[in-house]
Amino acid sequence: NWKKVMNEMEQPNGTTEEVSSRIVVCVRKRPLSKKERSKNDADVISTVNNTLQVFEPKLKVDLTKYTEVHEFSFDKIFNEESNNMTVYKSCAQPLVFAFFKGCKVTCFAYGQTGAGKTYTMMGTNEEPGLYALALEDIFRLKAKPEYSHLGVYISFFEIYGAKLFDLLNGRKRIECREDAKQRVRIIGLEQRFCTSVQDVFEILEQGAQARSTGSTGANADSSRSHAILQIVLKYNEDGMKNEEDPDYTFGKLSFIDLAGSERAADTTHSDRQTRMEGAEINKSLLALKECIRALDQNQHHTPFRGSKLTLVLKDSFVSVDSRTVMIANVSPSASNCEHTLNTLRYADRVKELRKDSSGSRRQSCVFSASSMDSNQGHEEEAYEE
Ligand code: ADP
Ligand code: MG
């Protein structure tokens with residue numbers, strides 16, 4: 001069915017690769033940083049097509065011991081030679097096309113702090129990220145006469161410690177509730193009508209500022225909060241209205257720059273605040289994994305009430321037309337190897353129960369015998385130590 005939708009869809013640049021699954025899990029390895037190179041930190045990740053190997057150093061135990069090799073495979077693997085445009089074309093552009101078909105689509109950046117989530121999502125002036133690349137396509141498509149009845153609306157908010165803050169409104173605290181019809185509403189969330197990429201970027205800049213200087217007292221360090229950019233297509237003033245639901249949303253695209261996954265391990269930290277934040281992040285990352293898995297198996301019960309993060313995404317999780325892409329960002333350095341393995345294990349679990357086209361379960365992760373042992377009994381932690 002998805003293949004059909006994608007084929008019918010107009011592809012402006014004609015370069016989009018077809019992805020038929022409702023959930024796509026990718027990994028992006030960033031290059032070693034200058035600092036890492038100056039400390040002679042080794043690159044422990046090698047990639048070949050869709051397979052990735054991590055050479056785990058065992059130096060702490062025995063300097064003469066061989067490294068342990070962990071092998072994973074994913075739908076797509078991007079290495080240090082891939083730029084944001086490559087990642088966009090293969091992961092996010094298909095979501096944009098589906099969005100214009102009225103689908104609810106979501107793209108997550110997962111990974112430890114410093115692994116490249118914001119670089120992928122927001123990018124830099126020289127290297128625009130997925131937000132900008134998607135918006136360029138969105139406004140180009142929107143200019144076509146067949147979409148003239150639709151308007152583009154933007155909201156930008158943050159989830160920190162199970163609380164929602166509107167980044168387009170001075171980081172004002174907002175609430176999220178399910179109404180009588182079990183639709184999730186974010187009460188007071190600002191939605192701005194936008195007509196150009198520049199419009200959106202002005203708004204995002206304000207939002208980023210609110211994120212670091214907001215007036216609500218103690219601000220979350222951005223590694224401890226989830227940032228959510230939502231782009232919705234709604235009927236214009238003079239377009240058709242849906243009588244049942246005046247707020248009717250035609251398509252929804254959510255980009256989520258998740259909290260640093262290593263923060264989920266802060267649950268034994270000496271500082272109480274840090275512990276509580278860590279527990280909340282752990283809870284949301286676990287709920288997210290379960291929701292994405294449920295989504296791909298067409299389960300009737302999606303556990304979206306497991307966290308604020310999954311609750312605000314309820315409409316996207318329960319929609320029959322949903323599509324989700326997870327980009328797991330990893331650092332290549334030996335010193336980050338444990339975090340990298342945790343990220344890869346998480347991403348692997350997100351897709352491990354996915355059915356292949358014949359309906360049987362796909363075994364896509366190959367662990368070496370010893371890592372199989374060390375991988376037992378950790379189901380309840382998003383981050384494993
Ligand atoms: P995160 O948001 O996951 O904490 P960042 O996106 O801020 O991490 O990345 C950390 C640093 O690494 C930044 O200086 C960023 O510019 C750089 N970086 C991340 N990914 C890449 C990449 N693919 N190519 C070049 N530099 C990158
Ligand atoms: Mg970041």
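Both counts, for ligands and for their atoms, begin at 1 and track the order of listing.
Not counting sequence neighbours, Asp199 has no partner by the salt bridge (charged side-chain N to carboxylate O under 4.0 Å, His left out) test.
Here Gln112 has backbone heavy atoms under 4.0 Å from ligand 1, and that is the only part of it that gets that close. At a heavy-atom cutoff of 4.0 Å, ligand 1 is contacted by no atom of Ser33, backbone or side chain.
Protein atoms of type N/O/S that fall under 2.8 Å from the Mg ion (ligand 2) number 1 in this view.
Protein heavy atoms come within 4.0 Å of atom 22 (C) of ligand 1. Counting protein heavy atoms under 4.0 angstrom from atom 14 (O) of ligand 1 gives zero.
Residue contact check for ligand 1: Ser223 places no non-hydrogen atom closer than 4.0 Å to it.
Defined by atom type and a distance below 3.5 Å, a donor-acceptor pair is present between the side-chain atoms of Arg22 and Ser322. Asn79 and Thr47 are linked by a side-chain donor-acceptor pair at a separation below 3.5 angstrom, with hydrogens and angles left out of the test. In this structure, a donor-acceptor pair under 3.5 Å is present between the side chains of Asn329 and Thr120. Between the side chains of Arg305 and Thr310, not a single donor N or O lies within less than 3.5 Å of an accepting N or O. No hydrogens or angles considered: nothing links the side chains of Ser316 and Ser319 as a donor-acceptor pair under 3.5 Å. With hydrogens and angles left out, the side-chain atoms of Gln191 and Ser155 include no donor and acceptor closer than 3.5 Å. With 3.5 Å as the limit, one finds a donor-acceptor pair spanning the side chains of Glu277 and Tyr160. In summary, the side chains of Ser261 and Gln112 do not present any donor paired with an acceptor at a separation below 3.5 Å, with no hydrogens or angles considered. Using a 3.5 Å distance cut-off with no hydrogens or angles, the side chains of Thr274 and Asp266 do not pair a donor with an acceptor.
When only interatomic distances are considered, the shortest N/O to N/O separation between Thr118 and ligand 1 falls below 3.5 Å. Considering backbone and side-chain atoms together, Lys117 places an N or O closer than 3.5 Å to an N or O of ligand 1.
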**side chain to side chain contact (heavy atoms under 4.5 Å, CB included) between Cys26 and Phe78, worked out** = CA-CA 8 Å; Cys26 315; Phe78 303 101; 3.9 Å; yes
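For atom 26 (N) of ligand 1, the nearest protein heavy atom (residue, atom name, distance) is Tyr119 CE1, 3.8 Å. In this structure, atom 8 (O) of ligand 1 lies nearest to the protein heavy atom Gly116 N, 3.1 Å. Looking only at protein heavy atoms, the nearest one to atom 12 (O) of ligand 1 is Arg30 CD, 4.0 Å. In terms of protein heavy-atom proximity, atom 24 (N) of ligand 1 is closest to Pro31 CD, 3.4 Å. The nearest protein atom to atom 10 (C) of ligand 1, hydrogens excluded, is given as Gly114 O, 3.6 Å; this is a heavy-atom distance.
Of all the atoms in ligand 1, the ones that sit under 4.0 Å from a non-hydrogen atom of Thr113 are 4 (O). Residue contact check: Arg28 has heavy atoms under 4.0 Å from atoms 23 (N) of ligand 1.
For the pair Lys142 and Tyr147, the cation does not sit on the ring face, since its NZ or CZ is not both under 6.0 Å from the ring centre and inside 45° of the axis.
A salt bridge (Lys or Arg N to Asp or Glu O under 4.0 Å) with Arg30 holds for exactly one of Glu80, Glu81, Glu36, Glu127; it is Glu36.
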